[in-house]
Chemist: 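Shown below is the structure under consideration.
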Amino acid sequence: MADKVELRARLEFRQQALEKLRAAYLALIDGGVKSYSIDDRQLTRFDVDKLKREIEALEEEIDELTALLSNKRPRKAVGVIPRDW
């Protein structure tokens, strides 16, 4: 497991990426532009659904990293098997 410094660096990196994706999403949704560039990546209005999924995935990663930094354990999966006695 990574130490706190590494977790903070990962969190900061993902927050910066999230800001760029949100700016691209808003620019494409507003309709002011037909395409949007993030570094060497070209996005069009047809990429809005893909962009939305990427934003949601980054938000989940940020939530998990924030939980790890605050010493909370990751979510635990539990299975329940109903039985008829």
Chemist: To the nearest 0.5 angstrom, please state how far the CD atom of Glu56 sits from the CG atom of Leu18.
Modeler: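 One finds 11.0 Å between CD of Glu56 and CG of Leu18.
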Chemist: Supply the atom-to-atom distance Leu51 CG to Tyr25 OH, rounded to the nearest 0.5 angstrom.
Modeler: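 These two atoms lie 8.0 Å from each other.
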Chemist: Between Asp47 and Gln42, which heavy-atom pair has the shortest distance, and what is it?
Modeler: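 Minimum heavy-atom contact is OD2-O, 4.0 Å.
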Chemist: Minimum heavy-atom separation for Asn71 and Lys4, please, with both atom names.
Modeler: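 Heavy-atom minimum between the residues: OD1-NZ, 3.0 Å.
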Chemist: Could you tell me whether Glu64 and Arg14 have a side-chain N and a carboxylate O separated by less than 4.0 Å?
Modeler: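 No, Glu64 and Arg14 are not salt-bridged.
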Chemist: Any chance you could measure Ile62, atom CD1, to Phe13, atom CZ, to the nearest 0.5 Å?
Modeler: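 Nearest 0.5 Å value for the CD1-CZ distance: 10.5 Å.
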Chemist: Do Lys34 side-chain atoms and Thr44 backbone N/O form a donor-acceptor pair below 3.5 Å?
Modeler: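 Between the backbone of Thr44 and the side chain of Lys34 there is no qualifying donor-acceptor contact (under 3.5 Å).
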Chemist: Take Leu7 and Asp3 through the side-chain contact (heavy atoms from CB on, under 4.5 Å) test and state the conclusion after the steps.
Modeler: CA-CA 6 Å; Leu7 290 175; Asp3 61 343; over 6 Å; no
Chemist: Output the distance between atom NZ (Lys50) and atom CG (Leu21), rounded to the nearest 0.5 Å.
Modeler: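 It comes to 11.0 Å.
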Chemist: Could you check Glu54 against Arg41 for salt bridge (charged side-chain N to carboxylate O under 4.0 Å, His left out), going step by step and ending with a plain yes or no?
Modeler: CA-CA 14 Å; Glu54 289 181 31; Arg41 185 175 170 189; 2.6 Å; yes
Chemist: Which distance, rounded to the nearest 0.5 Å, do you find between the OG of Ser37 and the CG of Leu43?
Modeler: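 One gets 7.5 Å once the value is rounded to the nearest 0.5 Å.
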Chemist: Is Arg10 salt-bridged to Glu6, going by a charged N under 4.0 Å from an acidic O?
Modeler: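 Salt bridge present between Arg10 and Glu6.
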Chemist: Do Ile38 and Tyr36 have side chains that get closer than 4.5 Å, going by heavy atoms?
Modeler: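 Side-chain contact under 4.5 Å: yes.
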